[in-house]
2 protein chains.
Amino acid sequence: MIQENSPALAPQRREHLRQMLREGGVARVEDLRRKLDVSVATIRRDLEILEEDGKVRRVHGGAVSMESRLEEPVFENKTSLAAKEKQRIAEEAYSLIESDEAIYLNGGSTTLFLARLLRERSDLTVVTNSLQAAIELADSGPRVILIGGELRRISQTMVGPLTSAVLAQVHVDKAFMGTMGFCLKNGLTTTDPNEAYSNEIVAEQAGQVILLADSNKAEKVCFARFSDFDKIDLLITDRNLSAEYTKSLPKIGVKVRTV
Amino acid sequence: MIQENSPALAPQRREHLRQMLREGGVARVEDLRRKLDVSVATIRRDLEILEEDGKVRRVHGGAVSMESRLEEPVFENKTSLAAKEKQRIAEEAYSLIESDEAIYLNGGSTTLFLARLLRERSDLTVVTNSLQAAIELADSGPRVILIGGELRRISQTMVGPLTSAVLAQVHVDKAFMGTMGFCLKNGLTTTDPNEAYSNEIVAEQAGQVILLADSNKAEKVCFARFSDFDKIDLLITDRNLSAEYTKSLPKIGVKVRTV
DNA sequence: TGCTTTTCGTTCAAAAGCGATCAAATTCAA
DNA sequence: TTGAATTTGATCGCTTTTGAACGAAAAGCA
């Protein structure tokens with residue numbers, strides 16, 4: 001017997017369409033037609049409806065989604081650079097998190113990996129100044145508190161004097177901090193002074209400060225310093241970190257875990 | 001074994017229908033008819049009843065379950081038919097913005113349309129509690145200041161006591177506010193008290209308060225009230241707004257523009 | 001620029017779905 | 001059993017949706 005594929009309901013089909021658009025960002029009419037197995041006229045009509053709802057913007061040859069998530073052109077390459085290491089570091093960090101804790105994530109690609117691991121943890125409270133992290137967690141999972149302030153475009157984080165107002169009013173059990181560079185002599189540094197200022201406040205207040213940094217960050221010194229190693233409780237890094245660090249850091253009270 | 005179709009009792013059949021809908025999320029009338037072995041008229045009547053009970057939403061060709069799992073793609077939320085109007089309202093609002101101003105946008109779809117128009121305006125400062133608006137403007141355009149606080153999932157806005165800390169420290173020339181409902185008697189209302197609180201603070205402090213609301217919002221009253229009309233300088237709406245409003249609002253000092 | 005190809009919007013007709021109506025079947029109570 | 005009420009199924013206009021056709025507009029190319 002032939003199982004006649006009853007065609008999808010119109011709203012269902014439009015929802016499907018919308019989702020395909022959102023995933024790919026853009027799509028051509030012809031491709032959509034083939035996937036949904038209807039005529040181009042129908043696709044066009046559907047796109048028209050979706051456009052009226054503001055979900056989609058039509059362009060010659062297809063349509064682009066109006067709801068695709070924030071692009072990350074800058075991050076893209078950065079994340080792929082040491083993605084393996086960062087993923088492992090994030091997983092190790094995740095294993096430290098207990099039930100019902102409040103944690104802080106600052107901006108950066110490493111902490112973003114960690115954010116992605118938190119999507120199912122509805123018992124947590126996540127405080128962050130990272131727009132990306134907030135987006136990752138916007139739909140489900142932990143309670144999210146986003147630090148306000150001026151949006152710094154390059155890093156897509158909130159920085160500036162306004163942030164400290166909120167930071168002063170919250171307390172987190174564990175702060176997971178990424179950094180642009182670290183070294184024994186200069187401590188932890190990043191490029192932007194505002195960013196550094198936010199980090200500094202958090203490092204002072206958090207119950208524990210856990211530094212997430214792959215070995216590429218070692219020996220790097222950037223413009224703005226935000227903490228010394230004595231504020232750091234634990235460094236999670238990869239196996240390529242030189243022995244110089246793995247030996248001397250524990251002596252000044254910083255535990256080190258390599259993954 | 002032959003399943004003798006002992007004609008199921010009506011309530012039993014409807015329960016069965018409801019369950020099939022819930023499992024599949026959607027179903028078309030013809031398929032349901034075949035499975036239950038009754039006429040389409042009966043199916044339609046059943047669906048009508050289920051719809052009245054809010055279990056199901058009917059669409060052309062079938063029905064969508066309203067009680068499918070939370071994770072299922074929640075269908076096409078109440079047809080935001082007003083997208084056209086919202087676009088026009090946003091364009092009118094845009095025309096009011098002068099050079100180098102600081103403006104506020106609260107959450108909601110209407111203000112999101114406005115945010116999209118601001119992407120090229122690098123002379124402006126945009127203060128907002130809307131994650132969506134921030135995302136729209138994250139890559140280029142105006143200086144963005146995102147109000148911190150707890151992320152309210154449904155609306156994707158920042159709300160709660162922490163927001164007021166930042167709000168107190170900024171001043172905007174024009175606040176463009178969306179609302180869930182407005183009426184002459186109860187003023188402006190929205191569903192969430194926290195959301196209302198943020199709106200209230202802004203309405204107090206802003207140089208001008210400009211309400212963006214299509215006519216569907218008229219006569220709607222929600223739980224949390226955040227402003228009276230006397231705080232509002234201008235209402236931008238569409239032509240369908242009843243004369244009751246367009247006549248009486250100017251008398252109490254609220255200019256009205258219909259687009 | 002002018003030409004070709006693709007895509008678009010519109011129109012039209014076929015098909016599918018809908019609500020209303022009515023009659024047959026069923027149920028229930030007297 | 002009878003008669004009324006309810007439920008069901010069938011039919012008939014009417015609306016919505018769909019796909020094909022065709023000229024207009026846009027994009028690509030020489």
Side-chain angles (χ1 to χ4, degrees), chain A residues 1-21 24-66, chain B residues 2-21 24-66 73 75-84 87-88:
Chain A
M1 170 186 163
I2 295 175
Q3 173 76 349
E4 181 63 38
N5 254 358
S6 58
L9 259 31
Q12 189 183 12
R13 190 190 51 228
R14 280 191 278 272
E15 191 60 26
H16 194 172
L17 210 45
R18 177 183 160 198
Q19 192 170 335
M20 288 198 289
L21 261 297
V26 301
R28 306 187 58 75
V29 170
E30 180 55 27
D31 297 339
L32 296 170
R33 184 199 67 77
R34 212 169 314 148
K35 280 198 185 137
L36 296 179
D37 198 33
V38 290
S39 73
V40 289
T42 303
I43 296 287
R44 292 216 177 84
R45 275 186 279 251
D46 283 349
L47 290 177
E48 201 171 349
I49 291 170
L50 287 174
E51 182 171 44
E52 285 190 359
D53 284 358
K55 316 283 194 212
V56 140
R57 193 163 48 89
R58 300 189 59 192
V59 294
H60 200 88
V64 307
S65 173
M66 297 290 277
Chain B
I2 292 175
Q3 175 80 348
E4 179 60 39
N5 281 343
S6 52
L9 264 40
Q12 191 180 354
R13 188 190 51 228
R14 279 192 280 274
E15 192 55 32
H16 193 173
L17 256 183
R18 179 183 159 197
Q19 190 169 335
M20 288 199 289
L21 260 298
V26 304
R28 52 182 33 246
V29 171
E30 181 54 28
D31 296 341
L32 296 170
R33 184 199 66 77
R34 214 170 313 156
K35 283 203 184 129
L36 296 180
D37 198 33
V38 290
S39 74
V40 288
T42 303
I43 296 287
R44 278 198 245 283
R45 275 186 281 252
D46 284 349
L47 289 178
E48 200 171 353
I49 291 170
L50 287 174
E51 183 170 45
E52 281 178 9
D53 286 356
K55 316 285 193 201
V56 140
R57 211 182 89 230
R58 300 190 58 190
V59 296
H60 198 91
V64 183
S65 174
M66 298 291 279
F75 250 64
E76 197 74 25
N77 24 353
K78 292 150 238 162
T79 39
S80 52
L81 275 168
K84 276 265 174 57
Q87 177 69 31
R88 279 206 303 273

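Proteins get letters first, then strands, A, B, ... in listed order; numbering begins at 1 in each.
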- [ ] List the steps and the verdict of salt bridge (Lys or Arg N to Asp or Glu O under 4.0 Å) for B:R18 and B:E15.
- [x] CA-CA 5 Å; B:R18 179 183 159 197; B:E15 192 55 32; 3.5 Å; yes
TODO: Measure from the side-chain heavy atoms of B:H60 and tell me the nearest of D:dG19, D:dT8, C:dC18.
DONE: C:dC18
TODO: Check whether any side-chain heavy atom of A:L21 lies under 4.5 Å from a side-chain heavy atom of A:K55, and answer yes or no.
DONE: no
Open item on the list: Whole angstroms only, please: what is the CG-C1' distance between B:D46 and D:dG9?
Closed with: 13 Å
TODO: Write down the distance between CG (B:L32) and P (D:dG9), rounded to a whole number of angstrom.
DONE: 14 Å
Open item on the list: If I take atom CG in residue B:D37 and atom P in nucleotide D:dT7, what distance separates them, rounded to the nearest angstrom?
Closed with: 20 Å
Task: Side chain A:R44 and base D:dG19 donor-acceptor under 3.5 Å - done: no
Open item on the list: A quick test of your reading: do over 12 heavy atoms of other residues, nucleotides or ligands sit less than 6.0 Å from CG of A:D31?
Closed with: yes
TODO: Could you tell me whether the side chain of A:E51 and the main chain of A:R58 form a donor-acceptor pair under 3.5 Å?
DONE: yes
Task: Atom-to-atom span, CD1 of B:I49 to C1' of D:dT6 - whole angstrom - done: 12 Å
Task: Rounded distance (Å) that lies between atom C1' of D:dT7 and atom CD of B:E48 - done: 14 Å
Open item on the list: Which is more 5' along DNA chain D, the nucleotide nearest B:S39 or the one nearest A:L9? Just name the residue.
Closed with: B:S39
Open item on the list: With a sphere of 6.0 Å drawn around CZ of B:R33, does it hold more than 12 non-hydrogen atoms of other residues, nucleotides or ligands?
Closed with: yes
TODO: Name the nucleic acid region contacted by B:V38, choosing base, sugar-phosphate or nothing; use a 4.0 angstrom heavy-atom cut-off, strictly under.
DONE: sugar-phosphate
Task: Position toward the 5' end of DNA chain C (nearest nucleotide), B:R58 or A:R28 - done: A:R28
TODO: Check the distance between D:dT17's P and A:R13's CZ and give it to me in whole angstrom.
DONE: 10 Å
TODO: Examine D:dG19: is either OP1 or OP2 under 4.0 Å from a nitrogen or oxygen in the side chain of A:T42? Give yes or no.
DONE: yes
- [ ] For B:I43 and D:dT8, give me the distance from atom CD1 to atom P, rounded to whole Å.
- [x] 10 Å
Task: Side chain of B:R45 - closest among D:dT8, C:dC8, D:dT18 - done: D:dT8
TODO: Identify whether any heavy atom of A:V40 sits under 4.0 Å from a base atom; if not, whether one sits that close to sugar-phosphate; answer base, sugar-phosphate or nothing.
DONE: nothing
Task: Interatomic distance, B:E30 CD vs C:dA15 P [rounded to whole Å] - done: 16 Å
